Amino acid sequence: MAEESFSGPIPLVVGVLPDQHVEVLQTARNLAEQLGVPLVCAYVDEASYLVEWDPSRETHRMSLHPEKDDAEVDAVRGDLGKMIGEAMDGGSADWTLRLLAGDPARALGRLAADINASMIIVGSPEPGLGHRISEALNGSVAAWLSHHQRRPVLIVPQKKRHDGDRRN
């Protein structure tokens, strides 16, 4: 994982989730390598909300679940770091992981604006009834970003799997 400083090439932002389909990170990695730019992987904790936004990268957040402790946040960071590391293994793209709070679409948009990212990369909504209901109630992150951003948004579809295939 590279140190986060962007005085050189303008980075790409990619939204990451713990059980996200691998095509999102593979596409982001390939694009970052082809462009020779760093990748900022961002996970948004929807169970927290932003109390104050400080552009100097200091965010003050409060959990909607007060029993959630720093050990849980560290575990999420570790799991995501491992998942991203595996997807980036053997590649040349530099990457960092940022944990954000609040609404995923707005948090990714704020991050992209803060670091002047050239593009935001997200996965397509997951299949299944539960995800469709959530999308109907909350809206799609990809749809919101594509309608409210001035920078390009790349939506990576999930490859179709056969019934016997396992998810990567």
Side-chain angles (χ1 to χ4, degrees), residues 1-2 4 11-33 38-50 57 59 61-65 68-89 91 93-115 117-149 151-161 165-168:
M1 192 156 63
E4 188 170 311
L12 302 174
V13 168
V14 60
V16 296
L17 295 168
D19 293 324
Q20 184 174 50
H21 55 92
V22 71
E23 292 87 4
V24 177
L25 281 169
Q26 289 172 340
T27 300
R29 171 188 155 184
N30 291 339
L31 190 56
E33 288 174 350
L39 197 56
V40 178
C41 304
Y43 169 73
V44 184
D45 181 2
E46 291 182 82
S48 295
Y49 64 94
L50 202 55
R57 295 195 185 135
T59 59
R61 64 186 189 140
M62 295 181 68
S63 177
L64 298 176
H65 303 286
K68 195 176 203 178
D69 61 10
D70 288 337
E72 286 183 63
V73 173
D74 289 341
V76 168
R77 180 184 298 274
D79 291 345
L80 286 169
K82 181 180 176 188
M83 178 190 77
I84 296 165
E86 289 172 0
M88 299 296 171
D89 192 35
D94 287 334
W95 63 275
T96 59
L97 173 60
R98 295 279 300 268
L99 297 182
L100 307 172
D103 175 73
R106 286 176 174 81
L108 290 172
R110 276 193 310 267
L111 174 63
D114 185 42
I115 65 173
S118 58
M119 180 184 296
I120 301 172
I121 303 164
V122 294
S124 61
E126 296 290 325
L129 181 60
H131 291 288
R132 287 189 189 138
I133 291 171
S134 176
E135 185 177 322
L137 295 173
N138 302 323
S140 162
V141 171
W144 191 92
L145 286 168
S146 67
H147 287 79
H148 295 90
Q149 284 295 306
R151 68 194 80 248
V153 176
L154 176 63
I155 303 168
V156 180
Q158 181 175 3
K159 290 181 183 173
K160 295 201 186 257
R161 308 241 187 259
D165 289 349
R166 287 184 52 196
R167 185 183 211 178
N168 288 341

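For clarity, every value in this text was computed on a predicted model and none was experimentally measured.
Taking both residues in full, the closest heavy atoms of Ala32 and Ala93 are given as CB-CB, 4.0 Å, listed atom of the first, atom of the second, then distance. In plain terms, the two heavy atoms of Leu145 and Val153 that are nearest each other are O-CG2, 3.7 Å. The two residues Ser118 and Pro152 have their closest heavy-atom pair at O-CD, 3.2 Å. In plain terms, the two heavy atoms of Gly123 and Ala142 that are nearest each other are O-CB, 4.4 Å.
Of the inter-residue distances, the one linking Thr27 atom OG1 with Ile155 atom CD1 reads 12.5 Å to the nearest 0.5 angstrom. Within the model, atoms CG of Leu108 and CD1 of Ile121 stand 11.5 Å from one another, a figure rounded to the nearest 0.5 Å. Interatomic distance, CG of Leu31 versus CD of Gln26, reported as 13.5 Å (0.5 Å rounding). Taken to the nearest 0.5 Å, the CG atom of Leu97 stands 4.5 Å off from the CD1 atom of Ile84.
When side chains are defined from C-beta on, Leu99 counts as touching Leu80, because their heavy atoms get closer than 4.5 Å. Contact annotation: the side chain of Val16 approaches that of Leu25 to within less than 4.5 Å [non-hydrogen atoms, C-beta and beyond]. At a threshold of 4.5 Å between non-hydrogen side-chain atoms, the residues Arg151 and Val13 do not count as touching. Annotation: side chain of Arg110 is not in contact with side chain of Leu100 (no heavy-atom distance under 4.5 Å). A heavy-atom distance below 4.5 Å is not found between the side chains of Val44 and Leu111.
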When you look at Trp95 and Val40, which way does the side chain to side chain contact (heavy atoms under 4.5 Å, CB included) test go after all the steps?
-> CA-CA 6 Å; Trp95 63 275; Val40 178; over 6 Å; no
Could you walk me through whether Leu154 and Leu12 satisfy the side chain to side chain contact (heavy atoms under 4.5 Å, CB included) test, starting with their C-alpha distance in whole Å, then the side-chain angles of each, then the deciding distance to 0.1 Å, before giving a yes or no? CA-CA 10 Å; Leu154 176 63; Leu12 302 174; over 6 Å; no
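Checked by atom type and distance alone, the side chain of Asp89 never pairs as donor or acceptor with a backbone atom of Gly85 at under 3.5 Å. A distance-only check finds a donor-acceptor pair linking the side chain of Gln20 to the backbone of Gly15 [under 3.5 Å].
The salt bridge (charged side-chain N to carboxylate O under 4.0 Å, His left out) test applied to Glu33 returns Arg29, not counting sequence neighbours.
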